[in-house]
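Below is one structure, written out as C-alpha cells; the observations come after it.
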Amino acid sequence: MSIEFVGMVFPRQWSETQGPRTGDFDLEFLRQHARAHEHAGFDRVLIASGPGSADSLQLAAYVAAHTERLGFMIAHRPALTSPTVAARAFATLDHTTGGGRIRLHAITGITAEPQEGDPLLDKTERYRRTDEYLEIVRRTWTSAEPFDFDGQYFQIKSAFSPVKPLQKPHIPISFGGSSDIAYQIAVKHADLYALWGEPLTGVAEQIGKLRAAAQQAGVASPRVSLSVRLILGPTEELAWKRAGEILAQIQANPQFAEGSPWRKRIKGTGSERLLAAAAAGDRHDRALWMPTATAVGAYGDTTALVGTPETVAEALLDYVDLGVTTFLNRGYDPYYDAVDYGRWIIPAVRAEARRRELQRAEKASA
C-alpha cells in the first residue's frame with residue numbers, strides 16, 4: 001500500500017510563527033499553495049473547521065476548481081447542521097470537485113461550540129451524538145429508500161436524498177480523538193483514524209486500543225494517520241538551529257503567551273498526552289521534538305520531527321513500522337515547506353516503504 005501524504009491549506013498564509021489567524025482571505029496564495037501541494041506529490045490537503053474559520057466545504061470547492069487531482073480532507077463538526085443536509089452537501093461536492101476527491105473528517109472537538117445550542121453536551125455525550133450523526137449521514141448516502149431514525153439526539157422521518165456520492169459505497173470518513181469512546185465510534189464509521197505526533201510508544205499504545213476496539217466490534221480496523229510537523233535542514237546542526245528559531249518566533253507570538261485565552265483553553269485527552277510526553281523530555285526517539293507543542297498549549301498537530309531529510313524520513317518510517325499509513329505534515333513556512341517535503345520527504349518515504357513491503361512479501365513466500 002502506498003503511503004498517503006496530506007498537507008494543509010488556509011485561506012491565507014499562516015502558521016504559529018506568523019501572528020494570530022484572522023478572517024482575511026488571500027485567494028492568490030490559497031491557489032498557489034494548493035497547487036504547490038499537488039505538484040509536490042501530496043495526495044490531499046486538510047481544510048480545517050472551527051467557530052472562527054471560513055466554511056471548509058466552500059474552501060474545498062474553490063481549491064478544487066484550481067487543481068486537477070489533489071484530494072481534500074474536509075474537517076466537519078457533527079451537529080452544527082442537520083445530518084441529512086450535510087450528507088447532501090458532501091455528495092454534491094463529491095461530484096462537482098470532479099472524480100471523487102473528497103473525504104469527510106469528523107471532529108467532535110474537545111469542547112462544545114457556541115453554535116451547538118443549549119444545553120451544551122459534555123464530551124462523552126457529544127461523541128455519542130457524533131455516532132448517530134455519522135450513521136444518518138452514511139444512510140443518506142447509501143439508502144435507496146426513505147428511512148426513519150429514532151435516536152437519543154436525532155429523530156428523522158422518511159429521510160431520503162436522490163443525490164448520492166460519486167465514490168462508492170460512499171465518501172470515505174476519517175475520525176480523530178484519543179478518548180476510549182472515540183475508538184469505539186471510529187471503528188463503526190471511519191476508514192482512517194487520525195493521531196497526533198506522540199513518541200513511538202504512545203502511538204503504538206493508541207493503535208493497539210484502536211485495533212482492540214475494532215476486534216470487539218467485529219470489524220476491520222481503520223488505517224492510521226499521524227499528524228506531525230517537519231523541520232528540515234541540510235545538516236543536523238542547521239535543522240536544529242532552524243528549530244530553535246521557529247520556537248523563538250512562536251514564543252514571541254502574543255496569541256500563545258502564558259495566561260492568554262488560547263493557553264487557557266480546556267485540554268482534551270490528546271493534548272494532555274502530548275503535554276505528558278513533553279514533561280518527560282524535549283526529545284524522543286529518533287527526531288521527535290516536543291517544545292513546539294508546549295509553546296502553544298498542545299492544541300493540535302504541534303509536535304515536530306527535526307533533522308536532515310534522511311533523518312526525518314527514517315523517523316516517519318519508524319511510524320510506518322508501527323502501522324501508520326498516512327502522514328499529515330505541514331510546516332512553519334507553509335509554501336516553501338510543502339515544496340521541500342515534495343522534494344526530499346515524500347518520494348523517499350514512499351520508495352523505502354515499498355521496498356520494505358516487497359522484502360516482507362519475499363520472505364513470506366520463501
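- Environment of CH2 in Trp344: sparse, with no more than 12 heavy atoms of neighbouring residues, nucleotides or ligands closer than 6.0 Å.
- Residue Thr311 holds its OG1 atom at 3.5 Å from CD of Glu236, rounded to the nearest 0.5 Å.
- Between Phe10 and His33, the ring centre distance reaches or exceeds 6.0 Å.
- Hydrophobic clustering (side-chain heavy atoms under 4.5 Å, transitive across Ile, Leu, Val, Met, Phe, Trp, Tyr) groups Val320 together with Tyr193.
- Taking 4.0 Å as the cut-off between side-chain N and carboxylate O, Glu38 and Arg35 do not count as a salt-bridged pair.
- To the nearest 0.5 Å, atoms CD (Gln359) and CD (Glu362) are separated by 7.0 Å.
- For Thr235 and Glu237, the side-chain atoms include no donor-acceptor pair closer than 3.5 Å.
- By the 6.0 Å contact criterion, NZ on Lys157 is open, its count of non-hydrogen atoms from other residues, nucleotides or ligands being 12 or less.
- Taking the six-membered ring for Trp and thresholds of 30 and 60 degrees, Phe29 and Tyr335 have ring planes inclined between 30 and 60 degrees apart.
- Looking at Arg12, His37, Gln18, Met8 one by one, the single match for side chain to side chain contact (heavy atoms under 4.5 Å, CB included) with Pro334 turns out to be Gln18.
- Under the 4.5 Å side-chain heavy-atom criterion for grouping Ile, Leu, Val, Met, Phe, Trp and Tyr, Phe327 is not connected to Val339 through any hydrophobic cluster.
- By the side-chain hydrogen bond (donor to acceptor under 3.5 Å, both in side chains) test, Asp43 is found to be paired with Arg350, residues two or more places apart in sequence or in another chain being considered.
- Within the 4.5 Å cutoff, the side chain of Val224 has heavy atoms near those of the Leu195 side chain.
- Residue Gln155 qualifies as enclosed at atom CD: its count of foreign heavy atoms under 6.0 Å is above 12.
- Between the side chains of Thr22 and Asp24, at least one donor N or O lies within less than 3.5 Å of an accepting N or O.
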Assess whether side chain to side chain donor-acceptor pair (under 3.5 Å) is satisfied between Lys123 and Thr108, documenting all intermediate values. CA-CA 8 Å; Lys123 184 178 179 180; Thr108 301; over 6 Å; no
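- For the pair Asp337/Leu230, no side-chain contact is recorded, criterion being any heavy-atom separation below 4.5 Å from C-beta on.
- Residues Glu132 and Phe149 come closest through the heavy atom pair OE1-CE2, 3.8 Å.
- Between the side chain of Ser225 and the main chain of Ala194, no donor-acceptor pair closer than 3.5 Å is present.
- Here the side chain of Asn253 pairs no donor or acceptor atom with the backbone of Thr17 at under 3.5 angstrom.
- Ser174 meets the side-chain hydrogen bond (donor to acceptor under 3.5 Å, both in side chains) test with His105; sequence neighbours excluded.
- Side-chain contact between Asp131 and His189: present, with at least one pair of heavy atoms (C-beta onward) separated by less than 4.5 Å.
- Note that Arg283 lies in the cation-pi zone of Trp240, set by a 6.0 Å cut-off to the ring centre and a 45° limit from the axis.
- Hydrophobic clustering, with ILVMFWY side chains joined whenever heavy atoms are under 4.5 angstrom apart, keeps Val63 apart from Leu166.
- A salt bridge is defined here as a Lys NZ or Arg NE, NH1 or NH2 lying under 4.0 Å from an Asp or Glu carboxylate O, and Arg273 with Glu205 meets this definition.
- Leu247 has its side chain within reach of Trp289: a pair of non-hydrogen atoms, C-beta onward, lies under 4.5 Å apart.
- With values rounded to the nearest 0.5 angstrom, Leu46 atom CG is found 8.5 Å from Arg330 atom CZ.
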Using the side chain to side chain contact (heavy atoms under 4.5 Å, CB included) rule, take Leu200 and Leu288 through it: C-alpha gap first, then chi angles, then the decisive distance, then the call. CA-CA 9 Å; Leu200 292 168; Leu288 185 65; over 6 Å; no
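- The backbone N or O of Ile181 sits nowhere less than 3.5 Å from a side-chain atom of Ser179 that would complete a donor-acceptor pair.
- Side chain of Asp301 to backbone of Trp196: no donor-acceptor contact under 3.5 angstrom is found.
- Scanning all heavy atoms of the two residues, the minimum distance from Tyr133 to Ala86 falls at OH-CB, 3.1 Å.
- Note that CD1 of Ile102 and OG1 of Thr96 are 8.0 Å apart. Values are rounded to the nearest 0.5 Å.
- Classification of Arg354 and Glu357 as a salt-bridged pair holds, one side-chain N sitting under 4.0 Å from a carboxylate O.
- The existence of a salt bridge linking Arg356 and Glu352 is confirmed by a sub-4.0 Å separation between a basic side-chain nitrogen and an acidic carboxylate oxygen.
- Figure legend: Arg128 and Tyr153 shown without cation-pi pairing, the cationic atom not lying both under 6.0 angstrom from the six-membered ring centre and within 45 degrees of its axis.
- Atom CG of Asn329 sits about 10.0 Å away from atom CZ of Arg229, to the nearest 0.5 Å.
- Residues Ala75 and Ser49 share a closest heavy-atom pair of O-CB, 3.4 Å.
- Here the straight-line distance linking atom CG of Leu192 with atom CZ of Arg103 works out to 5.0 Å at 0.5 Å rounding.
- Heavy-atom neighbours of Gln255 CD from other residues, nucleotides or ligands within 6.0 Å: above the threshold of 12.
- The aromatic rings of Phe90 and Trp141 stand perpendicular to each other, their planes meeting at an angle above 60°, with 30° marking the opposite boundary.
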